[in-house]
2 protein chains.
Amino acid sequence: MNIGQASDRSGVSAKMIRYYESVGLLPSAARRPNGYRDYGDQEVAVLQFVRRTRDLGFSLDEVSTLLALWSNKKRPSRDVKRMAERHIADLEHRISEMRTVMRTLRDLAKTCHGDERSDCPILDDFAAPKTSITQRRKK
Amino acid sequence: MNIGQASDRSGVSAKMIRYYESVGLLPSAARRPNGYRDYGDQEVAVLQFVRRTRDLGFSLDEVSTLLALWSNKKRPSRDVKRMAERHIADLEHRISEMRTVMRTLRDLAKTCHGDERSDCPILDDFAAPKTSITQRRKK
DNA sequence: TGTTGACCTTCCCATTGTGGGAAGGTGCAG
DNA sequence: CTGCACCTTCCCACAATGGGAAGGTCAACA
């Protein structure tokens, strides 16, 4: 089948399918005499796997690793579970950072009238933060 | 003062200061006869404002708007509060998406032995998801 | 047969925000 | 005078995706 069909069935855009191939995430697709890429059910299954893991937030690098684990029938399930757990921990970390920011913004918003008046503690804080959230350096 | 000093005092890298200037987030810095950029306390204050708002996760576009609000003494505080609240809502949204993913991954990880055995429900799900989280299309 | 429209191909560009590094000028201290 | 730490601009890279141009292919339809 053509790339358009493979795209429809997998939910991965044709653009991305070509890109994944170009960066080596996917093997080079078979070609028809006219130069068109040719896909079978096997390839579509791989694309769906990629789509699914991308939707779950894994990076292309991680997806690449997961694909390798998937095709290696003998790998211990521990390896897979570890990847999942690392990703969960990563999400937890990011969420906790975002919550800290939310807390700060909520506190600031609470003290701001939010009406016609022009004085605004939010901007005052942005200009000269009292609470030292900002102190955390980038890694 | 030179850009290096301004960088140290504001916590914004020299590289980024130049970049912010180049994209119009900041006005062109004054120049010394030798071509070096010249900064005063005023400019450093602006840089700190940028640093702070960036740390809170505002995009450069939003920072630009916030800078305008900051310098416009007559704007209603409502405008500022609205920006803060929109950002909070955005964070809430992203967090909720991430939590959905976490829930899925936790469920999957729970069913995976995570030992020497090779059978792994996580990969099985990636290949053919039962729970239709993935069904949410991108926007 | 010829045309039209829906495909496909590759190639380049833009995004967002940051860093790395080269090649060259400047300024101060020893 | 030399060396070192600074400054300048310019280009490249990242991650992952989309837009779009220029051109080839194929099937259907008049």
Side-chain angles (χ1 to χ4, degrees), chain A residues 1-26 28-39 43 47 49-67 87 90-91 94 97 101 136-139, chain B residues 1-26 28-40 43-44 47 49-67 87 90-91 94 97 101 136-139:
Chain A
M1 85 190 76
N2 282 347
I3 199 172
Q5 289 240 304
S7 168
D8 289 346
R9 295 199 194 171
S10 64
V12 180
S13 75
K15 208 91 186 186
M16 279 304 103
I17 296 177
R18 295 193 196 96
Y19 174 70
Y20 292 157
E21 181 182 329
S22 82
V23 297
L25 177 69
L26 304 176
S28 299
R31 299 286 183 143
R32 296 260 209 51
N34 60 13
Y36 289 13
R37 286 174 181 78
D38 194 12
Y39 298 91
E43 284 77 21
L47 287 171
F49 183 101
V50 172
R51 162 83 148 72
R52 167 73 164 158
T53 48
R54 287 292 299 139
D55 279 350
L56 291 175
F58 289 96
S59 71
L60 289 195
D61 248 28
E62 289 167 330
V63 172
S64 183
T65 304
L66 289 169
L67 279 172
H87 191 50
D90 189 49
L91 288 169
R94 278 151 57 195
E97 284 189 339
V101 168
R136 61 172 161 69
R137 311 296 311 196
K138 299 276 180 75
K139 200 186 17 287
Chain B
M1 85 191 74
N2 283 347
I3 199 171
Q5 288 241 303
S7 168
D8 288 346
R9 295 199 194 172
S10 65
V12 180
S13 74
K15 209 90 186 186
M16 280 303 104
I17 296 177
R18 295 193 196 97
Y19 174 70
Y20 292 158
E21 182 183 328
S22 83
V23 297
L25 178 69
L26 303 176
S28 299
R31 298 287 182 140
R32 297 261 210 50
N34 59 12
Y36 287 15
R37 287 175 181 78
D38 194 12
Y39 298 91
E43 284 77 22
V44 169
L47 287 171
F49 182 101
V50 172
R51 163 80 148 72
R52 167 73 164 158
T53 49
R54 287 292 299 142
D55 278 349
L56 290 174
F58 288 96
S59 70
L60 288 196
D61 247 30
E62 290 167 329
V63 172
S64 183
T65 304
L66 290 169
L67 278 173
H87 191 52
D90 189 49
L91 289 169
R94 279 151 56 195
E97 284 189 339
V101 168
R136 61 171 163 71
R137 311 295 311 194
K138 298 278 179 76
K139 193 178 43 273

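The structure displayed is predicted, hence computed values, not measured ones. In what follows, every chain begins at residue 1, and chains take the letters A, B, ... in the order their sequences are listed.
Distance, B:Arg51 CZ to C:dG17 C1': 15 Å, rounded to whole Å. As a whole-Å value, the separation of B:Asp55 CG from C:dG17 P is 14 Å. Distance CG (B:Leu25) to C1' (C:dT18): 14 Å, rounded to an integer number of Å.
Annotation for B:Leu25 and B:Leu67: closest pair O-CD1, 3.8 Å, computed over non-hydrogen atoms. Of all non-hydrogen atoms in B:Ile17 and B:Leu26, the two that sit nearest each other are O-CD1, 4.2 Å. Pairing each heavy atom of B:His87 with each of B:Leu56, the nearest pair is NE2-O, 2.8 Å.
Separating the CE atom in B:Met16 from the OG atom in B:Ser10 is a distance of 12.0 Å, to the nearest 0.5 Å. How far OG1 of B:Thr65 is from CZ of B:Phe58: 10.0 Å, rounded to the nearest 0.5 Å. Rounded to the nearest 0.5 Å, atoms CG (B:Leu47) and OH (B:Tyr39) are 7.0 Å apart.
Each end of the helix from C:dT1-D:dA30 to C:dG30-D:dC1 gets its own axis, taken as the rotation carrying the C1' atoms of four end pairs onto the next four within a five-pair window, and the two axes meet at 30° to the nearest 10 degrees.
Remark: side-chain polar atoms of A:Ser7 are not paired, donor with acceptor, to backbone N or O of A:Ile3 under 3.5 angstrom. The main-chain N or O of B:Asn2 is never found under 3.5 Å from a side-chain atom of B:Gln5 such that the two would form a donor-acceptor pair. In this structure, B:Arg51 contributes its side chain and B:Asp55 its backbone to no donor-acceptor pair below 3.5 Å. In this structure, the side chain of A:Asp38 does not engage the main chain of A:Arg31 through any donor-acceptor pair within 3.5 Å. No donor-acceptor pair closer than 3.5 Å links the side chain of A:Glu97 to the backbone N or O of A:Arg94.
OP1 or OP2 of D:dT17 has not a single side-chain nitrogen or oxygen of A:Ser13 nearer than 4.0 Å.
B:Asn34 meets the side-chain contact (heavy atoms from CB on, under 4.5 Å) test with B:Arg32, B:Tyr36; sequence neighbours excluded. Take A:Arg18 and apply the side chain to side chain donor-acceptor pair (under 3.5 Å) test, not counting sequence neighbours, and it matches no residue.
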Contact list (N/O, under 3.5 angstrom) for nucleotides 13-15 of chain C vs protein:
none

Between the protein and nucleotides 12-16 of chain D, list every N/O to N/O distance that falls short of 3.5 Å.
from, atom 1, to, atom 2, distance (Å)
D:dA16, OP1, A:Leu60, N, 2.9
D:dA16, O3', A:Arg54, NH2, 2.7

Sequence-aligned protein contact record of nucleotides 7-12 of chain C, with B where the base is within under 4.0 Å of a protein heavy atom and S where only the sugar-phosphate is: BSBB--

